[in-house]
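Shown next, in structure tokens, is the structure this report addresses.
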2 protein chains.
Amino acid sequence: MTNNTKDNGVPTLADVANYANVSTATVSRCLNSPERVGENTRKRVMKAVRDLGYAPNFGAQALAARQTNTVAAVIPTMENAVFARGLQAFQEELGRHGKTLLVASSAYNAELEEQQVRALVARGADGILLIGYDRTPEIYEFLAKQKVPTLIAWSFNPEEPRPAVGFNNRAAMADLARQVIGQGHENIACISAPTASNDRARERVEGIRDAKAKAGQDPKNLTVIETPYGIETGETAFRQVMTNAPQTTAIMCVNDVLAVGALRAAREMGMKVPNDISVTGFDDIEIATLAEPPLTTVHVPHREMGRCAADMLIQILKGDLIGHNLELATEIRIRQSLGPAPH
Amino acid sequence: MTNNTKDNGVPTLADVANYANVSTATVSRCLNSPERVGENTRKRVMKAVRDLGYAPNFGAQALAARQTNTVAAVIPTMENAVFARGLQAFQEELGRHGKTLLVASSAYNAELEEQQVRALVARGADGILLIGYDRTPEIYEFLAKQKVPTLIAWSFNPEEPRPAVGFNNRAAMADLARQVIGQGHENIACISAPTASNDRARERVEGIRDAKAKAGQDPKNLTVIETPYGIETGETAFRQVMTNAPQTTAIMCVNDVLAVGALRAAREMGMKVPNDISVTGFDDIEIATLAEPPLTTVHVPHREMGRCAADMLIQILKGDLIGHNLELATEIRIRQSLGPAPH
DNA sequence: TTAAAAAATGTAAGCGCTTACATTCAGCTC
DNA sequence: GAGCTGAATGTAAGCGCTTACATTTTTTAA
């Protein structure tokens with residue numbers, strides 16, 4: 001046995017240096033800035049790397065170079081197709097730039113989110129992606145103190161100073177509400193996700209109020225039911241609406257999944273959509289077109305958002321602070337679930 | 001300014017030690033095995049940690065402790081709900097054990113998968129989760145050489161020696177096929193994902209053949225169309241089947257998404273499901289129940305698989321090599337998309 | 001009271017890499 | 001050929017933490 005690899009298995013930089021008869025500095029340079037090394041030497045070193053099956057030790061590299069090339073994301077859940085898509089694109093783009101993705105999910109729970117953020121930062125994330133603006137100041141302070149660049153996604157509010165890539169939830173929902181109102185609906189109800197620590201949901205609800213106000217309707221006069229994410233919860237919420245406010249002719253849901261639940265409940269209750277009642281969603285995920293009838297909704301470019309988020313975060317990490325804020329456009333998709341108000 | 005934190009910002013263990021008037025070893029012990037430190041000292045140190053806002057440096061910790069507490073997963077794509085769910089559960093369970101998840105996706109591309117595996121290992125993954133058995137020996141060798149414990153998920157083959165948690169794709173599909181054949185179908189076609197480097201798809205197709213053989217039908221006589229993942233591709237494949245083999249009365253798809261595409265194509269072509277043709281899926285994701293008509297499919301416990309995968313990997317990392325193989329049960333879900341063969 | 005055992009804490013040697021700085025040496029210029 | 005320049009390479013000092021081992025303090029037992 002040679003004196004390489006210290007007999008314990010995994011070869012180190014020193015083993016490679018030894019094998020190639022150069023110093024560790026040269027090997028390191030070969031790997032990180034090959035142009036600074038003579039051609040012959042480089043070839044010899046590369047051969048050594050291959051022969052030995054060398055791979056750099058991550059911890060050592062991170063320690064010495066003070067960065068991990070790792071980016072973290074904390075999302076509510078991957079089971080929501082919206083985030084799965086965005087995250088997929090985010091990861092792909094990150095990969096293209098040699099960065100790796102660390103993920104955790106908060107289950108829409110602020111406290112858990114805080115833990116996750118801390119854990120990921122402790123894992124050496126160079127930067128972090130967070131969903132929406134809403135969270136305790138403690139997290140933001142922590143991030144600032146640890147000097148971890150942070151990007152917000154899925155929300156965009158021109159008045160917020162933080163770097164963000166997203167869309168104007170409020171304006172988008174207001175647009176959609178305008179369409180609904182345009183169909184003659186006056187008794188609108190809204191099925192929302194819990195708004196307590198979710199600015200996206202909150203803004204969407206406000207968007208409906210904005211549109212109502214603009215149309216001369218009383219913005220206070222809006223039935224809102226809050227319920228967790230899920231098809232079943234959407235069903236239950238629909239029933240609740242019909243009990244509390246039977247005169248309702250249009251139900252606007254803050255996401256497609258709740259809307260699909262509403263659609264299902266309507267069918268079970270023998271109500272025809274859109275003849276008896278109209279239903280709208282938000283996100284435009286696959287089930288929106290699959291639903292019976294297909295769902296009128298707001299199309300959100302989730303993939304693009306993920307990709308842009310990655311690009312922006314990379315920019316920020318590089319120190320290029322340009323383009324700190326990016327607003328993406330959404331689009332109303334009118335489908336059969338919206339019809340004129342019955343009279 | 002005190003002589004803490006070296007003026008450069010982030011506090012280190014030494015700063016904490018200094019502030020609390022103990023050695024770095026004591027601080028380290030406070031953090032990692034508090035029971036080995038006297039109560040007063042511990043309190044003092046913890047206060048110092050809080051006062052200084054100390055957080056351990058990941059690289060240093062990884063380097064010194066020779067582990068990152070990070071586990072990696074390479075999945076085909078998060079956009080497939082099946083993996084999104086499993087991964088979500090995987091991550092949750094990992095989190096419960098203080099581990100963090102690194103993810104990458106291969107887009108069902110073997111070469112890309114290899115790169116991703118290397119990248120993740122280079123990022124210090126202590127262990128890795130891979131989907132299915134199929135991949136080049138090089139990857140397995142690399143993993144072995146780097147001593148990275150590996151777990152296979154979504155497949156389970158008692159004859160394979162590698163640790164795995166999954167289900168018997170072949171048997172499950174054979175079960176479903178038996179039901180189809182039981183409805184009198186003889187001209188069965190299959191819409192499959194590309195089988196080249198996907199043992200799950202391959203096994204499912206073989207499962208159909210098994211059932212045919214068992215029922216006295218010729219297993220060779222099975223129309224198989226391979227197509228990438230997607231609703232649209234499922235539609236196209238359906239049309240292809242009806243062109244190539246118009247006598248087909250049942251189409252078995254290797255996943256729900258392709259099946260939904262088939263369903264849609266059938267509707268567009270004016271064929272009634274299940275009167276004119278039966279369609280089945282595999283996975284039992286949400287859209288299976290949402291589809292019109294609801295899809296007969298194989299229910300796979302994706303979440304449970306994710307959770308078990310995490311548990312097993314953690315066991316393996318600990319060195320407990322027990323329970324090296326885990327087979328999960330699947331279940332046939334008969335819904336309206338399957339009916340008797342027309343005569 | 002005292003020695004031995006146990007508990008608490010300290011000392012310091014790495015972990016494997018990057019990089020500032022030092023050295024060597026070939027190729028120039030004059 | 002002396003002096004200079006710049007490319008190629010080497011030397012060695014950390015990076016911030018863990019942990020084996022040494023030392024000190026406290027507890028226990030006889």
Side-chain angles (χ1 to χ4, degrees), chain A residues 4-46 48-49 52-69 121-124 126 146-147, chain B residues 4-46 48-49 52-69 121-124 126 146-147:
Chain A
N4 289 327
T5 75
K6 274 171 138 195
D7 254 18
N8 100 80
V10 191
T12 70
L13 236 216
D15 295 325
V16 177
N18 204 24
Y19 187 97
N21 240 288
V22 295
S23 70
T24 60
T26 300
V27 179
S28 176
R29 280 191 285 256
C30 263
L31 267 20
N32 301 314
S33 38
E35 73 285 355
R36 300 190 41 219
V37 174
E39 192 176 334
N40 287 340
T41 318
R42 196 188 324 146
K43 279 185 185 157
R44 196 149 32 90
V45 170
M46 288 319 201
V49 167
L52 263 35
Y54 168 77
N57 173 297
F58 176 70
Q61 202 165 289
L63 179 56
R66 290 110 192 289
Q67 62 158 341
T68 58
N69 282 318
V121 169
R123 285 291 184 279
D126 289 337
Q146 296 282 325
K147 311 208 169 133
Chain B
N4 289 329
T5 75
K6 274 169 137 195
D7 252 21
N8 100 81
V10 191
T12 71
L13 236 214
D15 296 325
V16 177
N18 204 25
Y19 186 98
N21 241 290
V22 294
S23 71
T24 61
T26 299
V27 179
S28 176
R29 279 190 286 256
C30 262
L31 266 21
N32 301 313
S33 38
E35 72 286 354
R36 300 191 41 219
V37 174
E39 192 175 333
N40 287 341
T41 318
R42 194 185 328 140
K43 278 185 185 156
R44 194 149 34 89
V45 170
M46 288 318 200
V49 167
L52 263 35
Y54 169 78
N57 173 297
F58 176 69
Q61 203 165 284
L63 178 57
R66 289 111 194 287
Q67 61 158 344
T68 59
N69 282 317
V121 169
R123 285 290 184 281
D126 289 336
Q146 296 282 327
K147 312 211 166 130

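In what follows, chains carry the letters A, B, and so on, assigned in the order in which the sequence lines appear, proteins first and then strands, with residues in each chain numbered from 1. Everything numeric in this text was worked out from a predicted model, so none of it was measured.
Residues in residues 19-41 of chain A take part in these salt bridge (Lys or Arg N to Asp or Glu O under 4.0 Å) pairs, two or more places apart or across chains: A:E39-A:K43.
Of the possible donor and acceptor atoms, none in the side chain of A:D126 sits under 3.5 Å from a partner among the backbone N and O of A:Q67. Distance alone, capped at 3.5 Å, is enough to place a donor-acceptor pair between the B:N32 side chain and the B:S28 backbone.
As rounded to whole Å, 13 Å separates atom C1' of C:dC15 from atom CG of A:D15. For B:Q61 and D:dG16, the CD to P distance is 13 Å, given to the nearest whole Å. Note: CG (A:N57) to C1' (C:dC15) measures 8 Å, nearest angstrom. A:Q67 places its CD atom 14 Å from the C1' atom of C:dT19, with the value rounded to the nearest Å. When the P atom of C:dA8 is taken as reference, atom NZ of B:K43 falls 14 Å away, rounded to whole Å. Between the C1' atom of D:dC15 and the CG atom of A:L63 lies a distance of 4 Å, rounded to the nearest Å. Atoms CG (B:L13) and P (D:dC17) sit 4 Å apart, rounded to a whole Å.
For the pair B:Y54 and B:L13, the minimum side-chain heavy-atom distance is below 4.5 Å. Within the 4.5 Å cutoff, side-chain heavy atoms of A:V45 are placed close to those of A:V22.
Closest approach of A:F58 and A:T68 over heavy atoms only: CE1-O, 3.6 Å. Of all heavy-atom pairs between B:L63 and A:N57, the closest is CD1-OD1, 4.1 Å. The two residues B:G53 and A:Q146 have their closest heavy-atom pair at O-NE2, 3.6 Å. The nearest pair of heavy atoms linking B:R42 to B:V37 is NH2-O, 3.3 Å.
Rounded to 10 degrees, the angle between the two end axes of the helix from C:dT1-D:dA30 to C:dC30-D:dG1 is 40°, with five pairs used at each end.
For A:R66, whose side chain is taken as the heavy atoms from C-beta onward, the closest listed nucleotide among C:dT18, D:dC15, D:dC17 is D:dC15.
Residue B:Y54 is classed as a sugar-phosphate contact, given heavy-atom separations below 4.0 Å to backbone atoms only.
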Letter by letter from the 5' end, nucleotides 7-13 of chain D scores (B base, S sugar-phosphate only, - none; protein heavy atoms under 4.0 Å) -SBBBB-
